[in-house]
Structures are given as C-alpha cells and as structure tokens.
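First up is the structure itself, then whatever we jot down about it.
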2 protein chains.
Amino acid sequence: MPAKAAKAAAPTPADTLYFQLFNEIGIIAQLSGNRFQKVLPHELTVAQFSLLNHMVRLGDGWTPARLAAAFQVTKGTMTNTLQKLESKGFIRVDPDTDDARSKRVFLTPPGQSARDAAMKALTPELSTLPEGFPPALAAEILPALERLRIWLDANR
Amino acid sequence: MPAKAAKAAAPTPADTLYFQLFNEIGIIAQLSGNRFQKVLPHELTVAQFSLLNHMVRLGDGWTPARLAAAFQVTKGTMTNTLQKLESKGFIRVDPDTDDARSKRVFLTPPGQSARDAAMKALTPELSTLPEGFPPALAAEILPALERLRIWLDANR
DNA sequence: ACCTTATAGTTTGACGTCGAACTATCGTCA
DNA sequence: TGACGATAGTTCGACGTCAAACTATAAGGT
C-alpha cells in the first residue's frame, strides 16, 4: 500500500490540464457568444445567424437532419431554431419530393439581407480584437482546436 | 473607385480567421459540456458541479456576486444555480453579518461528497482523450486561450 | 408481401443563460 | 441628517439546448 494512499481518484496532472482547457473554452464561448448577440440586428440570435451564414457559405437546400449534424445539435434543437427563422421569413422549409420524411431548407431574399446586415454588424466587433489577440495567434491554435473538436465529435 | 467595388463590408482574412476560431470554440464547449453532463451523478449539471468544484479548490464563504463575477455569468443566473444546489442540500447560504445586502455561500458535507463523486465520474471520461489529443498540445494552446479569455473579459 | 429496424421530424419538460425591472441596503457628500 | 448614486440579490420572460417519447416514412430481409 502506497504511503500517501487514501483520497481515491486524485486527478493526474493531465486531467487538471484538460479541466483548465475545457474551462477556458467554456468561458470564451460564453463571452464571445454573448458579445455577438448584443450587436446582431433583426432580433437574430447567434444560433439563428450561424444557420443563415451557413446557408450562404455552403449553399441551401439541406435537410434539417443534416443541418443538425453539421451544427452538432439535436434534431429537436434544429426544429426549434428553424421554426424561429421561418416565422421571421428568413428561410423557407419545403417538403422533400424524393423522401416524404424529409424537408429542405432554403434561404429567402429577406434572409439573405438579414445575414448581410448581421455580417456588417459583426465585423466592427472584431476590429479591436487584434490588439489583444493577434490573428497569427488565432491561426496558430486553430489546428489544435479543430483536432480536438473532431476527436470529440468522433468519440461520443 | 476600386474595380471590384460594391458588395460592402467583405470580411478580411483576419475576420474569417476569428470567425473560425469562435466557431470551433463554441462547438467544443457544447460537445464537452454535453459529455460531462451525461456522466455527472446526483443530477448535477455542469454549472452546478463547477460551483461545487470552485468551492473545494478556492474555498467557500464567497458572496453570490463574487461568484457571478468569477464565472462570468449574471447575478440572476447565479441566483438560479445557487437555489438548485441549496435545494439539493449541497450548499448553505447564510446572511452576511457585516452587510445586510449580501449573503455567503458555504459547502455542506453532502456537497463535498457529491463533488468528490462527480470528480471520480469525470476522470474516466478524460482517460481516452490523450490518444486523440495529447496533453502537450493542451498545454501548448492553453496560454493563448487564457489570453483571449482575459481580453474578452476586460473589453466588454 | 409482410415485418422489423432505421431514419426524419416534432413535441414536451427541464436547465442555464441573458437582459431588464425591481427591492433593499450601503456609502458618500452636502 | 438626509438625499442620492452604487451595489446585492431576486424575479420574469425569452431563447437555445438536451433527452426522451412519439409519429410517419423508408429500406431490408425472409
């Protein structure tokens, strides 16, 4: 029996490191999301904007299920967000002619405009960031974060 | 007038970089929080566990306002979480004898046990992580994340 | 053809979170 | 001493999120 036994399940240094990592990431997500929220126009939430932006960047016509997978949220969550956007007239949700279970999500012209306006509102928010956090640093840690995200996604 | 004018407010490469960064961070926060949630005992949420853990690591007797500041949440949010923990008997909230506006939050023995049990449940969850994401990588990006968190906190 | 299993989407109830409005107390300054 | 601005905490309504239960359609297998 080891000299300093007892206490069970003392976290290893690696564990402590990971805890710190997830803790920092959690707080950054909270602070940045909050900050973006405040400047978004049209009563858009971050979730709603992300969806609009996704459709502009990667094209529309996706099914809700595929969108849910892309954003790593449950189908129920996606249903909710899509309903909000549809009620604002920013997207259109059509039945899928090939598969009666599915639907297809399309961006409307007002949705396109709202996304552009949101983009414009967000850019100034980023303009002062380089002072405290240079783009080079962002570029430096991004690959590691991607790797972590991919691992978490694959092993769950 | 530039040849390819129009389109207004095209994001700079740096902006795109930052967007990616916050996007990855958001998804990691979501995935990791979700994952922790699933294994936590005693119906503990991540927010509740974080609070208990904080009291073990940094001591109890803090005021709700100070806790709210430490966790970067609003006072209302902290009120809510404290009420949940108190109803479970994991903390005790006493009036502050020096300042009638304030309260003081203390960890109870059951709260201590719950925190230990949660810690024990969380550790195995971290055990497979080093395969895909070595601790050295975590250590490498942690300082940058801290810097970002601190900047966001200071400039809001 | 049927029966079974998988997939798409919705609904419900709970939680954390926010901002805003509100009450109570403290501290300062005239 | 008294008024006023700052601070502590609560409440309310809204949102995104989750898990779980449910309906409907699709796809395979025997």
Side-chain angles (χ1 to χ4, degrees), chain A residues 26-40 42-52 54 61-88 90-91 93-105 156, chain B residues 26-40 42-52 61-88 91 93-105 156:
Chain A
I27 292 183
I28 292 171
Q30 196 178 350
L31 287 174
S32 62
N34 212 270
R35 198 161 167 153
F36 289 154
Q37 192 68 88
K38 284 186 212 175
V39 301
L40 284 174
H42 299 291
E43 240 92 58
L44 279 178
T45 65
V46 172
Q48 290 167 19
F49 165 73
S50 299
L51 208 37
L52 294 184
H54 181 274
W62 291 40
T63 68
R66 193 172 166 207
L67 288 170
F71 283 95
Q72 308 286 14
V73 297
T74 63
K75 295 177 298 171
T77 296
M78 189 49 62
T79 295
N80 184 288
T81 302
L82 289 175
Q83 284 170 346
K84 298 282 160 56
L85 280 174
E86 192 176 21
S87 77
K88 290 180 187 177
F90 291 160
I91 62 170
V93 182
D94 295 347
D96 184 326
T97 51
D98 291 352
D99 186 338
R101 292 171 303 181
S102 284
K103 298 184 170 181
R104 296 283 174 171
V105 184
R156 72 192 151 140
Chain B
I27 292 183
I28 293 171
Q30 195 180 351
L31 287 174
S32 63
N34 209 265
R35 199 160 166 157
F36 289 156
Q37 193 70 87
K38 284 187 209 173
V39 301
L40 284 174
H42 299 291
E43 240 95 58
L44 278 178
T45 64
V46 172
Q48 290 167 21
F49 165 72
S50 299
L51 208 37
L52 293 183
W62 291 39
T63 68
R66 194 172 165 207
L67 288 170
F71 283 95
Q72 308 286 14
V73 296
T74 63
K75 295 177 300 173
T77 296
M78 190 48 64
T79 296
N80 184 289
T81 302
L82 290 174
Q83 284 170 347
K84 297 280 161 55
L85 280 174
E86 191 175 24
S87 77
K88 290 180 186 177
I91 61 170
V93 181
D94 295 345
D96 185 326
T97 51
D98 291 352
D99 186 338
R101 291 171 303 182
S102 284
K103 298 185 170 182
R104 295 284 174 172
V105 184
R156 68 189 152 143

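Looking at which nucleotide of DNA chain D each of A:Q48 and A:G76 is closest to, the 5′-most match is held by A:Q48. Heavy-atom nearest nucleotides on DNA chain C were determined for A:N34 and for A:A65, and the one closer to the 5' end corresponds to A:A65.
Taken residue by residue, residues 77-87 of chain A places heavy atoms nearer than 4.0 Å to DNA chain D at A:T77, A:N80, A:T81, A:K84. Across residues 94-103 of chain B, B:D99, B:A100, B:R101 each have a non-hydrogen atom less than 4.0 Å from an atom of DNA chain C (numbered order).
In plain terms, the two heavy atoms of B:T74 and B:A68 that are nearest each other are O-CB, 4.0 Å. What you find for A:L51 and A:L67 is that their closest heavy atoms are CD1-CD2, 4.1 Å. For the pair B:T45 and B:Q37, the tightest heavy-atom approach, listed with the atom from each and the gap, is CA-NE2, 2.9 Å. Nearest heavy-atom pair across A:A29 and B:A29 is CB-CB, 3.7 Å.
Contacts of B:Q30 with the nucleic acid, taken as non-hydrogen atoms under 4.0 Å apart, involve only primed sugar atoms and P, OP1 or OP2.
Atom CZ of A:R35 and atom CG of A:L40 lie 13.0 Å apart (nearest 0.5 Å). For the atom pair A:Q48 CD and A:L82 CG, the distance stands at 10.0 Å (nearest 0.5 Å).
Judged by distance alone, the side chain of B:K88 and the main-chain N or O of B:E43 form a donor-acceptor pair under 3.5 Å. The backbone N or O of B:K84 lies less than 3.5 Å from a partner atom in the side chain of B:S87, making a donor-acceptor pair.
In this structure, A:N34 and A:Q30 have side chains that are not in contact, with every pair of non-hydrogen atoms separated by 4.5 Å or more. Between B:T79 and B:P64, the closest side-chain pair of non-hydrogen atoms is not below 4.5 Å.
For B:T63, the side-chain contact (heavy atoms from CB on, under 4.5 Å) partners at least two apart in sequence or on another chain are B:A65, B:R66, B:S102, B:R104. Checked against ring pair (Phe, Tyr, Trp, His ring centres under 6.0 Å), A:F90 has the following partners two or more places apart in sequence or in another chain: A:H42.
First and last contacts of DNA chain D with chain A, using any nucleotide atom under 4.0 Å from a protein heavy atom and ordered 5' to 3', fall at D:dC15 to D:dA26. Chain B approaches DNA chain C over the interval C:dC15 to C:dC26, counting the first and last nucleotide 5' to 3' with an atom under 4.0 Å from its heavy atoms.
The aromatic rings of A:F71 and A:H54 are tilted relative to each other, their planes meeting at an angle between 30° and 60°.
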